[in-house]
Amino acid sequence: MLLLISFPLLFRFWIKHEVNKEIKMQCIQAKDSDLDNICDLLAAEFFDDPIYKFVFTNPVGRIDRLWRFFRIYVDLAREYDGILLLENYAGVQVFFRPELMERINESLDLDKRLRLACGSDYMTVATWMKGCDNYHPRTPRHYYLFLTAVESTHRGHDGARVMKTLFRELSIILDKAGFPCYSECTRRGGLGISKPFGFQYAGSARCVEGFPEYYPIWREPQKTVV
């Protein structure tokens, strides 16, 4: 009898737990101790990305080189509070504030870091990065959304909630600061994902010679957030 009574109680508890879990999905402040796991997530989720598999051409050791490549930029973003992280590493966004963009362009020896990190893929990485930089707008001052990733087990309905949580939090940051934001989608589907949060397709697809095309997006600061 106890089991028959307990089952619906447990069922109601489970339903309540699931609802609360959805409500409580939120970003947390990334700590230095999170950075390795963040790079694990990024390397795994970008392993078969339509752009990055052309940048890091050799699948043997690709995940390690991706990890080291991402670690350079994760470390830089962390210095300027440019990481949005969900609990349990369900998803992450890495973005650069305007002051970091200026520092990258003017004073950081990124080439040396990239050579050490990328090994045999250095030349293709350098070509890709230089090509993208040629298309990157110089003015006005803006944020740059560099990476967005959702951990594979959180795709589907969870993935939509992860994306919504990350982009909503980013929108709050952008609107509070009053800055526009630039980003690139390596898949056309990214245009639809980002649009509800104020991002617009910035003209036409871009193509660095020797690599697949990608899709630039731009967001102006807004007074309201989705």
Side-chain angles (χ1 to χ4, degrees), residues 38-39 41-77 80 82-83 92-149 170 179-195 199-220:
I38 289 171
C39 291
L41 168 61
L42 292 170
E45 298 309 317
F46 280 92
F47 184 83
D48 286 320
D49 180 84
I51 294 290
Y52 281 93
K53 67 182 180 182
F54 277 85
V55 176
F56 294 86
T57 54
N58 188 350
V60 177
R62 180 191 294 161
I63 200 160
D64 293 327
R65 292 190 294 277
L66 277 168
W67 194 99
R68 294 194 298 268
F69 170 78
F70 289 137
R71 186 58 191 256
I72 294 171
Y73 296 98
V74 166
D75 283 344
L76 290 172
Y80 288 81
I83 300 175
V92 66
Q93 282 186 328
V94 179
F95 62 91
F96 304 153
R97 297 176 187 271
E99 54 267 36
L100 176 55
M101 294 291 296
E102 293 161 1
R103 184 182 169 205
I104 288 174
N105 291 332
E106 294 176 3
S107 62
L108 291 177
D109 186 10
L110 287 181
D111 185 71
K112 181 178 180 180
R113 300 188 194 188
L114 289 171
R115 285 179 185 273
L116 292 173
C118 300
S120 60
D121 285 319
Y122 165 74
M123 288 304 299
T124 54
V125 171
T127 300
W128 163 249
M129 298 295 285
K130 180 175 175 57
C132 286
D133 186 62
N134 289 337
Y135 286 119
H136 194 119
R138 296 295 186 265
T139 57
R141 295 180 77 228
H142 59 275
Y143 280 58
Y144 175 39
L145 175 56
F146 182 44
L147 299 163
T148 300
L170 178 65
F179 279 103
C181 182
Y182 173 77
S183 189
E184 302 111 348
C185 303
T186 59
R187 292 181 171 89
R188 183 176 286 275
L191 301 176
I193 292 171
S194 58
K195 187 174 181 178
F199 284 90
Q200 300 295 323
Y201 190 22
S204 59
R206 307 284 191 260
C207 187
V208 178
E209 185 175 358
F211 301 91
E213 63 184 14
Y214 64 94
Y215 310 95
I217 55 176
W218 182 266
R219 182 188 189 276
E220 291 290 340

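Just so we're clear, the structure is a prediction, and the values are computed from it rather than from any experiment. Both backbone and side-chain heavy atoms feed into the values below; hydrogens, waters and symmetry mates do not.
Once rounded to the nearest 0.5 Å, the distance linking SG of C181 with CD1 of I217 reads 7.5 Å. Between the CZ atom of R138 and the CG atom of D133 there is a distance of 4.0 Å, given to the nearest 0.5 Å. Atom CZ of residue F46 and atom OG1 of residue T186 lie 6.0 Å apart, to the nearest 0.5 angstrom. Distance check, rounded to the nearest 0.5 Å: CG of L42 to OH of Y52 gives 9.0 Å. Summarising the geometry, atom OG1 belonging to T57 is positioned 8.0 Å from atom CZ belonging to R62; distances are rounded to the nearest 0.5 Å. Atoms CE and CG, on M129 and D111 in that order, are 11.0 Å from each other to the nearest 0.5 Å.
Here the shortest heavy-atom pairing between E99 and R141 reads N-NH2, 4.0 Å. A pairwise comparison of heavy atoms in L76 and L100 identifies O-CD2, 3.7 Å as the closest pair. Contact detail for G210 and F54: the closest heavy-atom pair is O-CD2, 4.3 Å. The two residues F95 and L145 make their nearest non-hydrogen contact at CB-CA, 4.0 Å. Nearest heavy-atom pair across F199 and L170 is CZ-CD2, 4.3 Å. Between L116 and R68, the shortest heavy-atom contact is O-NE, 4.2 Å.
Between the side chain of R65 and the backbone N or O of N58, at least one donor-acceptor pair lies under 3.5 Å. The closest donor-acceptor contact from the side chain of T124 to the backbone of V55 lies under 3.5 Å.
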Pair D75, R71 - check side chain to side chain contact (heavy atoms under 4.5 Å, CB included), show working.
CA-CA 6 Å; D75 283 344; R71 186 58 191 256; 2.7 Å; yes

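Here the rule is side-chain hydrogen bond (donor to acceptor under 3.5 Å, both in side chains) with H142, and of E220, R97, H136, R219 only H136 fits it. Just one residue in the list Y135, Y214, F56 forms a ring-ring contact (aromatic ring centres under 6.0 Å, His included) with W128, and that residue is Y214.
A salt bridge is absent between R113 and D109; no separation between the charged side-chain nitrogens and carboxylate oxygens falls under 4.0 Å.
Scored by the side chain to side chain contact (heavy atoms under 4.5 Å, CB included) test, A126 finds Y122 as partners (sequence neighbours excluded). I63 meets the side chain to side chain contact (heavy atoms under 4.5 Å, CB included) test with A43, F47; sequence neighbours excluded. For A202, the side chain to side chain contact (heavy atoms under 4.5 Å, CB included) partners at least two apart in sequence or on another chain are P216, W218.
Looking only at side-chain heavy atoms (C-beta outward), Y201 and Y215 come within less than 4.5 Å of each other. Residues D49 and R187 meet the side-chain proximity criterion, which asks for heavy atoms closer than 4.5 Å.
Checked against the 6.0 Å centroid criterion, the rings of Y73 and Y144 do not qualify as a close aromatic pair.
Relative orientation of the Y143 and F179 rings is tilted, given thresholds of 30° and 60° on the angle between their planes.
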